[in-house]
Amino acid sequence: MGVGGERGNIMDESQAAEYTAYPKRWLVLGVFSLCLMVNSACWITYSQITHEASLYYEVSTTWIDILSMLFMFWYLPVNFPACWVLEKYGLRTGVLFGSGLGFIGAGLRIVGMSKATFPAVVIGQSLVAIGQPFLLNAPAKVSAMWFPDDERALATVIGSSAQLIGSALGFVVPPIFVESIDSSNTDATPSDADGVLIVNVIFACIAFAACVLSYVVVTAAPLTPPSASTGNESQAATYATTLKIAFKNGYFMLLCLSFGLALGAFNTLATVMNQILTPYGYDNTETSICSAVSIVAGFIGSGVTGVIIDKTHWYKSVLLLWMGIGSTALFAFYLCLGNDRLVLLCLCSGCFGLFIMPVIPLSMELGAEMLYPLDEALPVGLLVSSGQVFGIAFISFFQYLLDEKEYKLTVFIISMVLYVACGLAALVGGCRAPDYKRLIYEQEQVVQRDEIEQSKEVQPLLPPKTV
């Protein structure tokens with residue numbers, strides 16, 4: 001039985017109204033994407049200039065790695081409160097909270113210019129990290145509140161892909177302004193890496209613009225819903241009840257595990273890519289190009305995937321196929337790892353991003369389908385939490401391997417982790433339960449509305465009353 005039948009929502013004539021997709025939906029999505037983009041750029045700012053940042057702040061490279069890991073640490077305790085805020089107080093409140101913290105945190109990073117003021121950088125980065133769950137959990141909610149069902153997957157792709165664009169900016173922009181410094185150069189001084197300050201100012205300005213625009217543009221929901229399922233989320237007695245419902249869904253838990261391994265592997269690779277390629281003679285610019293190719297390809301792949309899903313709704317089949325190809329691409333990257341192979345590495349990295357990154361919005365939409373009628377922020381929050389847990393564990397383990405100069409082994413193990421995630425996705429794909437609950441509900445509502453319209457057409461006209 002579909003969700004509509006279980007809930008007993010029978011559409012009467014007063015409910016048989018046309019749904020409206022407002023043009024403003026694209027503006028809301030664009031501003032939201034900008035907020036998430038700059039948040040992601042702040043996360044990965046120092047990954048391509050690890051040595052230079054450690055020189056500028058006069059701290060060890062371990063502390064620079066911790067700056068990106070703060071996002072994983074903070075996401076876990078803040079995730080559930082963020083989901084609750086998005087469900088209880090709506091999209092606007094959540095986005096304003098996330099963008100506001102992002103602006104304040106990015107501004108604080110400017111203050112840190114030496115070892116003495118480095119704590120300001122840590123505090124600023126922590127504030128941006130605390131704001132992340134309010135944005136990262138919201139793409140599926142933005143699409144559900146503002147977009148019709150035949151645009152929903154594409155909207156989720158665009159919203160979640162903003163994180164990828166932000167990562168690309170975080171990879172590409174810092175090396176442009178920060179001159180590469182050889183780690184063996186003992187004569188280098190903090191002033192040689194003062195381009196770090198310019199990078200911090202640039203991202204703080206973008207964060208300010210995003211905060212202002214989110215206040216002006218973003219609203220909780222349009223006046224008229226865009227689809228039958230919009231605003232029809234379950235209002236459980238307590239938030240603990242909704243969590244219990246989610247954790248009792250075995251196939252969703254499998255999806256969480258598969259997605260967590262994939263996202264954890266991707267975040268780990270993004271964090272340590274510079275440390276993997278530098279020993280093979282590649283400078284900061286070349287490692288940034290390799291990372292950016294993966295991000296750009298991922299954005300293109302996500303867009304294509306969104307169109308495919310909106311037309312076919314083949315969530316599970318596409319998920320399994322994409323993860324299989326992406327895992328194989330990373331294994332090819334491992335085989336090509338060596339000196340003077342930048343073109344080959346970029347091709348493998350691009351193929352990896354093209355198929356693995358669409359898994360992020362695809363899993364978010366699938367999770368929303370499986371847990372409907374729960375609020376869309378909840379499945380996204382649980383999925384990303386799984387990725388952050390694995391990411392923390394992976395970075396800690398792979399940092400040890402990198403310290404032991406096991407560069408190829410690091411990439412090999414990450415590719416094997418993705419194959420395991422692919423196997424779990426196959427189990428999710430074998431699900432025979434009616435887990436596309438939101439789609440089923442909307443189809444039932446369309447049928448009921450058509451029946452009402454047909455009944456109006458065949459209703460005989462009554463003769464006028466005579467006095």
Side-chain angles (χ1 to χ4, degrees), residues 40 43-51 53-54 59-76 125 129 163-164 167 170-171 183 257-282 284 286-288 290-292 294-295 298 323 326-339 341 345 348-349 352-353 356-357 359-360 384-424:
S40 182
W43 160 55
I44 209 71
T45 298
Y46 307 109
S47 69
Q48 301 300 316
I49 52 170
T50 303
H51 173 66
S54 68
V59 297
S60 67
T61 55
T62 300
W63 271 107
I64 303 303
D65 288 337
I66 287 174
L67 290 178
S68 65
M69 291 181 66
L70 283 172
F71 280 72
M72 301 181 192
F73 282 118
W74 277 112
Y75 187 91
L76 297 174
Q125 194 79 343
Q163 184 189 19
L164 307 181
S167 297
F171 285 135
S183 58
L257 188 57
S258 174
F259 178 85
L261 288 171
L263 183 61
F266 167 73
N267 286 343
T268 300
L269 199 61
T271 302
V272 303
M273 179 68 83
N274 182 266
Q275 298 176 64
I276 290 173
L277 294 180
T278 299
Y280 292 97
Y282 303 103
N284 288 347
E286 290 171 325
T287 59
S288 296
C290 190
S291 298
S294 177
I295 299 294
M323 289 189 71
S327 304
T328 303
L330 186 59
F331 185 73
F333 184 92
Y334 154 75
L335 296 176
C336 294
L337 193 58
N339 299 320
R341 295 179 180 176
L345 291 174
C348 294
S349 180
F352 168 74
I356 283 296
M357 292 182 190
V359 166
I360 297 173
V384 179
S385 290
S386 177
Q388 304 293 40
V389 169
F390 282 112
I392 293 171
F394 289 164
I395 289 178
S396 301
F397 172 68
F398 291 123
Q399 192 62 60
Y400 167 77
L401 290 182
L402 291 172
D403 290 341
E404 297 296 320
K405 304 186 185 305
E406 297 287 355
Y407 310 113
K408 293 197 73 170
L409 180 60
T410 296
V411 180
F412 174 78
I413 294 177
I414 293 176
S415 66
M416 293 300 105
V417 168
L418 284 174
Y419 276 121
V420 173
C422 185
L424 292 171

Query - CA sep, side-chain torsions, deciding dist, call: H51, I64, side-chain contact (heavy atoms from CB on, under 4.5 Å) - result: CA-CA 8 Å; H51 173 66; I64 303 303; over 6 Å; no
**Report entry** F333 and C290: CA distance, side-chain angles, deciding distance, side-chain contact (heavy atoms from CB on, under 4.5 Å) verdict
**Finding:** CA-CA 11 Å; F333 184 92; C290 190; 4.0 Å; yes
Query - Residues F259, M323; criterion side-chain contact (heavy atoms from CB on, under 4.5 Å); working and verdict - result: CA-CA 10 Å; F259 178 85; M323 289 189 71; over 6 Å; no
Query - Worked check of side-chain contact (heavy atoms from CB on, under 4.5 Å) between F397 and I413 - result: CA-CA 11 Å; F397 172 68; I413 294 177; 4.1 Å; yes
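Scanning all heavy atoms of the two residues, the minimum distance from G391 to T268 falls at O-OG1, 3.9 Å. In terms of heavy-atom proximity, Y46 sits nearest to A53 at CD2-CB, 4.0 Å. Closest approach of S40 and S167 over heavy atoms only: OG-OG, 2.9 Å.
Residues F398 and E406 fail the side-chain proximity criterion, which asks for heavy atoms closer than 4.5 Å. The side-chain heavy atoms of S386 and F390, taken from C-beta on, include a pair separated by under 4.5 Å. By the 4.5 Å heavy-atom criterion applied to side chains, Y75 and I392 are not counted as neighbours. Here the side chains of E404 and L409 are not in contact, with every heavy-atom distance at 4.5 Å or above. The shortest side-chain heavy-atom distance between Y282 and R341 falls under the 4.5 Å cut-off. The side-chain heavy atoms of L418 and T328, taken from C-beta on, include no pair separated by under 4.5 Å. The shortest distance between side-chain heavy atoms of F331 and M416 falls below 4.5 Å. In this structure, Q399 and D403 have side chains that are in contact, with non-hydrogen atoms separated by less than 4.5 Å.
Using modelled atom types, no side-chain atom of S327 and backbone atom of S415 make a donor-acceptor pair closer than 3.5 Å. Q388 contributes no side-chain N or O that, together with a main-chain N or O of L76, makes up a donor-acceptor pair within less than 3.5 Å. A donor-acceptor pair under 3.5 Å is formed between the side chain of S68 and the backbone N or O of D65. In this structure a side-chain-to-backbone donor-acceptor pair under 3.5 Å is missing from S54 to T61. In terms of modelled atom types and a separation under 3.5 Å, the side chain of S349 and the main chain of L345 share no donor-acceptor contact.
In this structure, the separation between CG on L337 and OH on Y280 is 4.0 Å, given to the nearest 0.5 Å. Separating the CG atom in N267 from the CD1 atom in I44 is a distance of 7.5 Å, to the nearest 0.5 Å. Distance NZ/K408 to CG/L401: 15.0 Å, rounded to 0.5 Å. The distance from atom CE of M273 to atom OG1 of T410, rounded to the nearest 0.5 Å, is 11.5 Å. Put simply, CG on L257 and CG on L424 are 5.0 Å apart, with the number rounded to the nearest 0.5 Å. Residue L67 holds its CG atom at 8.5 Å from CH2 of W63, rounded to the nearest 0.5 Å.
Ring geometry, Y334 versus F412: the interplanar angle falls from 30° to 60°, so the pair is classed tilted.
Just one of L269, I414, L261 meets the side-chain contact (heavy atoms from CB on, under 4.5 Å) condition when paired with F394; it is L261.
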